[in-house]
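Each remark here refers to the structure printed beneath this line.
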Amino acid sequence: MPEPGSVTELLPPGEPVDLDNCAREPIHVPGSVQPHGVLLAVTEPDLVVEQVSQNVTDLLGRTPDEALGSDLGALLGADAAEQLRQHLRTFGNLRLRNPLVVVATTPAGPVEVDAVLHRVAVGDRTLLVVELEASTGPRPFSFPNTYQAVREAVERLNGTHSLADLYDVAAREVRALTGFDRVMIYRFDADYNGEVVAEAKRADLNSFHGLHYPASDIPPQARALYEKNWIRLIADVRYRPAAIVPGLDTATAAPIDLTHSVLRSVSPIHLEYLGNMGVAASMSISLLRDGVLWGLIACHHYSGPHHPPYGVRAAAEFLGSSLSLRLVARAEEDELQAALAAESTLVNLLIASRDAARTLGDALVGRTDSGVSLLDLVPAQGAVVFGDGRWSTEGEAPEDLSALRTWVAQQGEDVTARTELGAQEPALADALPGVAGLLAVRLPEDRAMVWLRREAVHDVSWGGDPHNKAIARREGDEVRLSPRKSFEKWTQTVRGRSAPWTGQELRSVTDLRRRLLETLLLRTRWALGAAETVQRSLLPGELPRVEGWQLHARYVPAPGGQVGGDWYDALELPDGRVAVVIGDVAGHGLSAAAAMGQLRNTVRAFLLRGDGPADALRWTDVVARRTMATDMATVVVAAVDRATGVVEVSIAGHPRPLVLDAVGGGELLEVSVDRPVGVGSGEPPTHRFVIEPGGGVVLYSDGLVDSRSTNLRAGLARLVGAFTREDPTRPVDIDDVIRECSDPSSVDDVTLLLLCRDLT
């Protein structure tokens, strides 16, 4: 049969069914019934027969032509028809009151029958479907003693202490109720492959316990029917279907829907399947969880046809419902215990994550006093936490995880699970040898948590090769479903897959992500507070007073509190000159602030040693290369002779200074610029110019002139315009300049320093 999930649309009724299209067979409208009963479709309230199964003669002694158009009184007898009318007037949901036992008047004499009733929509009206099964043979259960039998069985179910015991008791009790040769409890996995988890059987039969069956054995449309009609009997696998006449409704030209029919005819493919197993009769009972099929009670009979009466089947169905409830209750209890354990682990992880002395990665992989880790929340062979430009690991993990970090960053979902990495993500699998499954959780700021599982190799014992269609074709057109004929155990080793990620595990990591967002916010606030404290502590407490000169400086952190690596400085040099400095370390946060502090003090030290601007930058570059290999900064240093106004300036990757003249204009200094500190050339150039009385020099960081919405050229023009003034005697307020030039969309710090020479 075709693989599950391959259904596009059902075949038109009547189209031949084969191995290729059986998963599209419209099994709810077969147009026929099994012959151990008779189906009548009648109108209400007059109860006139509109459709009838061809075997009506066998039970009621009337031909289909005689039955069609007659009322039930003429067909069953006045007493039976009146009993049925009274039943219809009294009860609303007929399916809950089945069967109604009536005595039909036939040419051969009175016949006691079980009348099973339900209504079916036909176009814009409804028909009453009456299915009649003769009450022949032993009828061991009336409703009172059926209840007693089932009550004892339910008590035995309630007395079990494990799932295995629950399955075993259910199989034994259903077999005792129904008399089938074999009763199996059949459980589906997530892909609807089935496994026999319990079995009660005749002693001489070989066991199917532990065997697996592919999802294609029960195609999707059959599973849908199992969810609507909980019990299904095939009293004789070799039956000849009794067609419904007429085959199509005269008003709608559609076959009657037999979804809820107890006599509905079965797919010939399924009958062939059962016949090749040696099964003579079959019955199945649906096991549901929240309305979804999760398993079956499958009953097989080998010694001939087997027709348990409706009361027995109803008792077995009730037992199946009780088993479903017990299984749901046990599953929910297990899930509750797992959820409570996960919640306890999650709380400990959150406590560990707030340890400011450790990185988030180290906290989550168990490098704290508590020792709790991500592997305690979700079992796996390894765990990885990405963040702060690095990764932290626990357990088994490849050394190079850069490909994994890139892959996680590209995922559109916050939580992504894979269980067959080689097939699902082959490129990533090549970069992660030994990993078959992963569970990735994205966090803000390029952080992520990933659990890694290796291949879970296990053997599956199939009841016949699950790829039987291909084998059947190779054996020739005259052979169909041949691997099912012997049903010898066929074992397949499943490789390349990890253990599946359970629903509880997915809920746990989703909850952890949600609650970690608050921790990340707190950590960001702590880091920002620490970075700002470091940065502001390293800026000058006050600027030196220089006779005949005015010196002003401002520092504004980036919007959103993204503390960066900007700094400014001003100090008197041993030779009497005044040095002014602005620098900008690449990056943001505490690491940038710390690097800024080291470079600021390094530049200061060389200037106070007596080095000129170029030598100070050259030696600072040497220090950065040898002790701060991952850091880089742009710096401009200017040494000003306060008496003559001569300025000696050297620039390492920084924006060029703006020189102000004495008549209210200004222009950018046209000089060469060396590479930034940390990657410098080793020979930064020196330039000289003169500040006339009434003029000045402006140093600034790129946050003032360059942003996502303003290009550098426009930003520089805006800065020059802010310092251009019609009245050269009017001082410029640098706070006004910052307000005028700063871009709200900027994500960088702004630093501005203005040194002006008095006019007289």
Side-chain angles (χ1 to χ4, degrees), residues 98-99 114 133 137-143 145-188 194-211 213 218 225-227 229-237 262 274 277 279-289 293-330 463:
N98 284 325
D114 288 336
E133 294 185 46
R139 295 172 59 82
F141 300 132
S142 64
F143 277 106
N145 63 22
T146 297
Y147 169 73
Q148 293 296 330
V150 174
R151 186 178 71 174
E152 292 180 7
V154 170
E155 288 177 354
R156 282 188 280 273
L157 288 176
N158 290 337
T160 61
H161 300 288
S162 69
L163 279 177
D165 290 344
L166 192 63
Y167 295 146
D168 287 340
V169 169
R172 290 197 302 270
E173 294 298 330
V174 170
R175 182 166 186 253
L177 275 172
T178 62
F180 277 91
D181 291 335
R182 186 199 305 272
V183 173
M184 298 169 286
I185 308 297
Y186 187 84
R187 182 180 63 191
F188 296 126
E195 178 187 3
V196 178
V197 295
E199 178 183 55
K201 65 181 182 64
R202 209 174 63 198
D204 61 309
L205 296 175
N206 63 311
S207 176
F208 288 172
H209 190 212
L211 294 183
Y213 300 91
I218 306 177
L225 281 183
Y226 279 126
E227 292 173 353
N229 200 348
W230 297 351
I231 194 163
R232 172 40 114 209
L233 172 68
I234 305 173
D236 184 356
V237 166
V262 298
L274 292 173
M277 293 173 62
V279 175
S282 171
M283 189 174 79
S284 60
I285 305 166
S286 302
L287 298 175
L288 305 174
R289 180 177 182 184
L293 189 71
W294 73 263
L296 292 172
I297 301 177
C299 309
H300 288 171
H301 207 65
Y302 300 94
S303 51
H306 188 56
H307 183 191
Y310 189 92
V312 171
R313 283 143 44 200
E317 180 183 10
F318 180 78
L319 191 57
S321 298
S322 299
L323 175 59
S324 293
L325 291 174
R326 286 287 299 151
L327 290 169
V328 168
R330 184 168 302 272

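This chain uses plain numbering: 1 for the first residue, then up along the sequence.
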Any side-chain heavy-atom pair from Val174 and Ile185 closer than 4.5 angstrom? no
Leu287 and Leu296, any side-chain heavy atoms less than 4.5 Å apart: no
For Val196 versus Phe208, what's the shortest heavy-atom pair and its separation? CB-O, 3.4 Å
Could you list all the salt bridge (Lys or Arg N to Asp or Glu O under 4.0 Å) pairs where at least one residue sits in residues 306-322, not counting sequence neighbours? Glu133-Arg313
Who pairs with Ala298 by side chain to side chain contact (heavy atoms under 4.5 Å, CB included), at least two apart in sequence or on another chain? Met184
Looking at every heavy atom in both His306 and Thr178, which two are closest together, and how far apart are they? NE2-O, 2.8 Å
Asp168: what forms a salt bridge (charged side-chain N to carboxylate O under 4.0 Å, His left out) with it, not counting sequence neighbours? none
Sorted by chain and residue number, the side chain to side chain contact (heavy atoms under 4.5 Å, CB included) partners of Ser284 (sequence neighbours excluded) come out as Tyr226, Arg232
List the residues meeting salt bridge (charged side-chain N to carboxylate O under 4.0 Å, His left out) with Arg326, not counting sequence neighbours, and say none if there are none. none
Quick one: salt bridge (charged side-chain N to carboxylate O under 4.0 Å, His left out) partners of Arg289, sequence neighbours excluded? Glu335
Between Val237 and Val279 the two heavy atoms that sit nearest each other are CG2-O, 3.4 Å
Hits for side chain to side chain contact (heavy atoms under 4.5 Å, CB included) against Asp181, two or more places apart or cross-chain, chain-then-number order -> Arg202, Leu205, His301, Tyr302, Ser303
Are the side chains of Tyr167 and Glu199 in touch, meaning some heavy atoms are under 4.5 Å apart? no
